[in-house]
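Shown next, in structure tokens, is the structure this report addresses.
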Amino acid sequence: MVLVAVSASACGRSALFEPVSTTSGGGAGDANGARPTTDAASSDAGVIVDAASSDARPTVDAAIDAPGDLADARVDGGRIPYRALAVATGEVHTCAVLDDHNVKCWGDNSYGQLGYGDAVRRGGSPSDMGDNLPTVDLGTGRTATAIAAGRYSTCAILDDGSLRCWGWAGLLGNGVGLDRNVGDAPGEMGDHLPALDFEGRKAVHLAMGNDSACASMDDDTIWCWDGNKPWFQFWLPTKEVSALAPTGDGTFALYADGSVSPQLPNGTVPLFTSASEVLAVAGSAGNAPTCYLLADHTTTCMEGGATRRESSNALAIGVELDGGLCSALSDGSVQCDAQRCVSPTNYPCTSDGAFVLGAPAVAVTSNGTNFACALLVGGQIKCWDGSPIGTSPAWLGSELDATTLADGGVAYGPWHAVALGMHP
């Protein structure tokens, strides 16, 4: 599950910071001949942008362009705060790719899905986060160009075009067997983490559902896997893949011509066709619908074979597990069907129940267990769910300030972004 990956991001013209653009030819993240990717950074200039731009075009996966210079935001003795380039949510964990292309994860870790060589949960306390939250060991000299999260697993495309997964054995795709989790014990990450076998191809886009995952390659072929080795989706047309998106127990491919594939890995007929270009797809397991963001920035969701019109003016979409559609809107707020924000007992919100994030969102994650995260234009992450204030689960990684009053009551202050720490 994503992004973003699933998740969606908006592409416009007003840059906050500009990663080095890539050029066509190579695999994802290959600075000596990399193929451009679509992601939390702009597909046309490698830029995180103003999500309220009138010409914004969302994209849906978590592939990332090369790193670049942030606006000068030095704090803490000259150190620079980490910004996120992408965020992905599993059922009960969250991961982010940082602006130096390292990865940090937080939340439940029962299967090693955080990738720290143990099964210790992180994120339930402020002391777990920030500089105290380590980066994931991806191997000597390796960094990430894309991130995705499945139910209890995480996968990343690395800067050399390889793809590696850790966590629950049932979604690793590396042939180690269905009875061996990876990442929950020392000596399993980094250079010990096997790459998936795509017969010499380099991975470009990535998405994970609950029980399967798929990646597109530098030749636009698509390969999918579960606990076993990936297999080639030979029945698909060979045309340019612009993104992959998780939905339900599978994955959709979005093509550059605006069409959508069947649900992978087992579908043969597209579930949705439209006269309008499809910019993003988001879905989840359970009772959640599959939703589509169209070129006119309206959304359409499918349930039981029927379609219904949802929000308008949407720039990015995500769907919560057993929940509903979350749309990042052009006014900078996020509206979730299953969770209406009610002030002052919940997060800051508008009169119609939209979450006020403090900055426009360029991506909204799919597939969290009734929680969601948004990537903001400045590279911050904010997450929310329906838990009572003061009982924030670890996978949110943040909570509201709380002050105990003289009468024993509690006053809640600002809603903080996830503390990602500082550059060394």
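All figures in this text were calculated on a predicted structure; none of them were measured in a lab. By convention here, the first residue in the shown sequence is residue 1.
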Could you go through N313 and H297, starting from their C-alpha distance and side-chain angles, then the distance that decides it, and tell me whether this counts as side chain to side chain contact (heavy atoms under 4.5 Å, CB included)?
CA-CA 5 Å; N313 300 318; H297 298 286; 5.5 Å; no
Nearest 0.5 angstrom please: [X] [atom1] to [Y] [atom2], how far?
{"X": "L114", "Y": "H93", "atom1": "CG", "atom2": "NE2", "answer": "6.5 Å"}
{"X": "W225", "Y": "C165", "atom1": "CH2", "atom2": "SG", "answer": "5.0 Å"}
{"X": "L171", "Y": "S153", "atom1": "CG", "atom2": "OG", "answer": "4.5 Å"}
{"X": "M208", "Y": "D226", "atom1": "CE", "atom2": "CG", "answer": "11.0 Å"}
{"X": "S327", "Y": "L293", "atom1": "OG", "atom2": "CG", "answer": "7.5 Å"}
{"X": "L420", "Y": "M129", "atom1": "CG", "atom2": "CE", "answer": "6.5 Å"}

Could you tell me whether the side chain of [X] and the main chain of [Y] form a donor-acceptor pair under 3.5 Å?
{"X": "R83", "Y": "G378", "answer": "yes"}
{"X": "K229", "Y": "F198", "answer": "no"}
{"X": "Q113", "Y": "Y111", "answer": "yes"}
{"X": "D159", "Y": "T143", "answer": "yes"}
{"X": "S216", "Y": "D220", "answer": "no"}
{"X": "T365", "Y": "C373", "answer": "yes"}
{"X": "K104", "Y": "L133", "answer": "yes"}
{"X": "N132", "Y": "D128", "answer": "no"}
{"X": "D137", "Y": "M189", "answer": "no"}

Looking at [X] and [Y], what are the two nearest heavy atoms and their distance?
{"X": "A316", "Y": "V362", "value": "CB-O, 3.8 Å"}
{"X": "G250", "Y": "S212", "value": "CA-OG, 3.8 Å"}
{"X": "R180", "Y": "L172", "value": "O-CD1, 3.8 Å"}
{"X": "Y292", "Y": "T290", "value": "OH-CG2, 3.6 Å"}
{"X": "A328", "Y": "V334", "value": "CA-CG2, 4.0 Å"}
{"X": "L279", "Y": "L294", "value": "CD1-O, 3.6 Å"}

Pair F371-W395, side chain to side chain contact (heavy atoms under 4.5 Å, CB included): steps then yes or no
CA-CA 9 Å; F371 83 98; W395 41 91; 3.4 Å; yes
Between [Y] and [X], is there a side-chain heavy-atom distance shorter than 4.5 Å?
{"X": "W168", "Y": "D184", "result": "no"}
{"X": "Q380", "Y": "V418", "result": "no"}
{"X": "L254", "Y": "V241", "result": "no"}
{"X": "F232", "Y": "I222", "result": "no"}
{"X": "W166", "Y": "C155", "result": "no"}
{"X": "C105", "Y": "V136", "result": "yes"}
{"X": "F272", "Y": "T300", "result": "yes"}
{"X": "M217", "Y": "W223", "result": "yes"}

Let's go through R164 and L196 carefully: what are the C-alpha distance in whole Å and the side-chain angles of both, what is the deciding distance for side chain to side chain contact (heavy atoms under 4.5 Å, CB included) to 0.1 Å, and is it a yes or a no?
CA-CA 6 Å; R164 299 166 194 256; L196 277 67; 5.5 Å; no
Whether D108 and R121 form a salt bridge (side-chain N of Lys/Arg under 4.0 Å from carboxylate O of Asp/Glu) is what I want to check.
yes
Please determine whether a side-chain nitrogen of the Lys or Arg among R79 and D131 lies less than 4.0 Å from a carboxylate oxygen of the Asp or Glu.
yes
Looking at L85, V103, I157, which hits side-chain contact (heavy atoms from CB on, under 4.5 Å) with I147?
V103
Side-chain donor-acceptor pair under 3.5 Å between [X] and [Y], yes or no?
{"X": "T145", "Y": "H101", "answer": "no"}
{"X": "N109", "Y": "D118", "answer": "yes"}
{"X": "S276", "Y": "S274", "answer": "no"}
{"X": "T140", "Y": "D191", "answer": "yes"}

Can you list the steps and then say if K382 with F355 is a side chain to side chain contact (heavy atoms under 4.5 Å, CB included)?
CA-CA 10 Å; K382 288 191 175 182; F355 293 85; over 6 Å; no
Under the ring-ring contact (aromatic ring centres under 6.0 Å, His included) rule, collect the residues that match up with Y116, sequence neighbours excluded.
none
Name every donor-acceptor pair, under 3.5 Å, that has one atom in a side chain of residues 258-271 and the other anywhere in the protein, sequence neighbours excluded.
unit_1 : atom_1 : unit_2 : atom_2 : d
S259   : OG     : K239   : NZ     : 3.0
S259   : OG     : D257   : OD1    : 2.6
S261   : OG     : A253   : N      : 2.9

